[in-house]
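Everything below concerns the one structure shown next.
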Amino acid sequence: MKPTTPPALLVLAAGMGNRYGGLKQIDPVGPGGETIIDYSIYDALRAGFGKVVFVIRKDIDHAFKQAVGVRFERHIAVEYVFQELDKLPQGFSVPIGRTRPWGTLHAILMAADVIDGPFAVINADDFYGSEGYRVLMQHLQSGTADYAMVGFVLRNTLSDFGAVSRGVCKVGDDDFLQGIVELTDIERDGVHARNTDSTGRITTLSGDEVVSMNMWGFTPNVFGQFREHFERFLRSNGSDIESESYLSSTVNELVLAGQARVKVLRTNDSWAGVTYREDHPRVVQTIRRLIAGGNYPNRLWL
């Protein structure tokens with residue numbers, strides 16, 4: 001059944017970005033002081049999304065709303081939910097000494113009470129380009145029960161300043177996801193790429209691989225599945241003060257168990273993000289090039 005209200009956009013903005021340093025979500029990249037999130041919301045509005053839900057932490061609440069959220073409230077419905085360590089299912093508690101967040105799966109569960117229709121998920125610090133929002137909107141409005149993932153070309157997602165982690169996807173001939181392998185140390189290697197695992201073994205990559213950049217589409221049914229997986233994670237790893245439960249690994253488990261179908265939606269847009277502080281000028285240059293090409297106005301919010 002096709003949704004009666006426009007899909008929502010869930011923005012994961014609780015992370016500080018340890019390698020980058022500082023609250024990278026509110027660093028300007030556009031000529032009018034726009035952040036990466038500004039461009040994400042602008043693209044989502046153009047695609048037809050009807051509400052934005054930000055997942056943030058309480059300690060960045062004021063700074064985030066003043067620097068980012070206030071820009072959008074005249075243009076789209078905005079809600080905020082908080083990812084806090086003690087927001088756990090009944091029967092679970094925070095182990096002594098834990099300060100690390102519980103991960104992206106936990107972050108999404110924070111929005112279960114404010115989303116009642118199809119929705120997309122993105123990272124706050126990733127510039128995805130407009131095409132991903134368009135193909136996600138088409139999928140979410142189709143009425144299908146299948147989930148979706150926007151797949152990027154690996155070489156379009158690499159940093160020039162250090163190694164990155166990517167979920168490399170196996171995609172069937174029917175364009176449905178068959179599995180995700182997490183590679184945590186991928187670097188450019190000429191026009192190709194290579195990954196070095198924890199034992200020092202090097203895997204050569206063509207650069208054409210499809211990767212997940214945490215741009216997903218779901219129906220509300222996913223919250224029950226995610227809650228079950230998160231509780232299972234807590235039972236197995238809840239006493240470990242470092243372990244986190246990740247969205248991509250959970251989706252991978254659901255796919256491998258035959259409990260979900262995920263359509264891979266292709267985009268040729270180049271991803272741009274700020275994994276390292278040195279990446280920031282590249283994002284600025286990307287935005288300037290797209291403005292010059294007519295993809296965005298010089299000022300987003302007039």
I need the [X] [atom1] to [Y] [atom2] distance, nearest 0.5 Å.
| X | Y | atom1 | atom2 | value |
| --- | --- | --- | --- | --- |
| Glu209 | Asn195 | CD | CG | 10.5 Å |
| Leu183 | Ile180 | CG | CD1 | 11.5 Å |
| Leu12 | Ile108 | CG | CD1 | 5.5 Å |
| Leu234 | Ser245 | CG | OG | 7.5 Å |
| Arg227 | Glu231 | CZ | CD | 7.5 Å |

What pair of heavy atoms forms the shortest contact from [X] to [Y], and how long is it?
| X | Y | result |
| --- | --- | --- |
| Asn123 | Met213 | ND2-O, 3.8 Å |
| Ile186 | Ala193 | CG2-CB, 4.0 Å |
| Ala124 | Ile36 | O-CG2, 3.6 Å |
| Leu85 | Trp102 | O-NE1, 2.9 Å |
| Arg71 | Gly33 | NH2-O, 3.0 Å |
| Ile287 | Gly30 | CG2-CA, 4.3 Å |

Quick one: does [X]'s side chain have a donor or acceptor within less than 3.5 Å of a partner on [Y]'s backbone?
| X | Y | value |
| --- | --- | --- |
| Thr104 | Leu247 | yes |
| Ser243 | Asn237 | yes |
| Asp126 | Tyr128 | no |
| Arg166 | Thr157 | yes |
| Tyr39 | Leu300 | no |
| Glu253 | Val251 | no |
| His280 | Pro28 | yes |
| Ser236 | Phe233 | no |
| Arg282 | Ala272 | no |
| Glu34 | Gly32 | yes |

### Asp189, Leu205, Val211, Val164 screened by side chain to side chain contact (heavy atoms under 4.5 Å, CB included) with Leu158, the one that passes
Val164
### Message
Consider side chain to side chain contact (heavy atoms under 4.5 Å, CB included). Of Ile115, Val52, Val114, which one does Glu79 pass it with?
### Response
Val114
### Task
Mark yes when over 12 heavy atoms from residues, nucleotides or ligands other than Asp116 sit less than 6.0 Å from its CG; otherwise mark no.
no
Ion pair [X]/[Y], N-O distance below 4.0 Å:
| X | Y | answer |
| --- | --- | --- |
| Asp208 | Arg155 | yes |
| Lys58 | Asp61 | no |
| Arg232 | Glu228 | yes |
| Asp146 | Lys263 | no |

Are any of the side-chain heavy atoms of [X] and [Y] separated by less than 4.5 Å?
| X | Y | result |
| --- | --- | --- |
| Arg46 | Asp43 | yes |
| Gln225 | Leu254 | yes |
| Arg261 | Tyr147 | no |
| Val264 | Val210 | yes |
| Asp113 | Val81 | no |
| Cys169 | Met149 | yes |
| Asp160 | Arg188 | yes |
| Glu73 | Lys65 | no |

Using a distance-only test with no angle check, is there a side-chain donor-acceptor pair under 3.5 angstrom linking [X] and [Y]?
| X | Y | value |
| --- | --- | --- |
| Thr35 | Asp38 | yes |
| Ser248 | Glu182 | yes |
| Asp185 | Thr196 | no |

Common cluster, [X]/[Y], ILVMFWY with side-chain heavy-atom separation under 4.5 Å:
| X | Y | answer |
| --- | --- | --- |
| Val53 | Phe223 | yes |
| Tyr246 | Ile122 | no |
| Phe176 | Leu265 | no |
| Met110 | Val94 | yes |
| Trp301 | Phe127 | yes |

### Task
Applying side chain to side chain contact (heavy atoms under 4.5 Å, CB included), run through Asp197 and Thr203 and close with a yes or a no.
CA-CA 8 Å; Asp197 67 16; Thr203 301; 5.9 Å; no
### Query
Can you list every side chain to side chain donor-acceptor pair (under 3.5 Å) pair that touches residues 83-97, not counting sequence neighbours?
Gln83-His106
### Query
Under the side chain to side chain contact (heavy atoms under 4.5 Å, CB included) criterion, do Phe72 and Tyr42 qualify, and how do the steps go?
CA-CA 9 Å; Phe72 313 126; Tyr42 186 82; over 6 Å; no
### Query
What about Phe226 and Phe218, are their ring centers closer than 6.0 Å?
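Between Phe226 and Phe218, the centre distance is under 6.0 Å.
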### Query
Less than 6.0 Å separating the ring centroids of Trp216 and Phe119?
no
Without placing hydrogens or testing angles, list every side-chain donor-acceptor pair under 3.5 Å for residues 129-138, not counting sequence neighbours.
from, atom 1, to, atom 2, distance (Å)
Ser130, OG, Arg134, NH1, 3.1
Glu131, OE1, Thr267, OG1, 3.1
Glu131, OE1, Asn268, N, 3.4
Tyr133, OH, Ser40, OG, 3.3

#### Entry: Derivation of the side chain to side chain contact (heavy atoms under 4.5 Å, CB included) call for His229 and Gln259
CA-CA 12 Å; His229 274 254; Gln259 297 173 338; 4.0 Å; yes
### Task
Report the C-alpha separation of Leu9 and Ile41 in whole Å, then their side-chain angles, then the decisive distance to 0.1 Å, and conclude whether the side chain to side chain contact (heavy atoms under 4.5 Å, CB included) test is met.
CA-CA 8 Å; Leu9 180 70; Ile41 304 306; 3.8 Å; yes
### Message
My understanding is that only residues two or more places apart in sequence, or in another chain, count here; which of them pass side-chain contact (heavy atoms from CB on, under 4.5 Å) with Asn298?
### Response
Pro31, Ile291
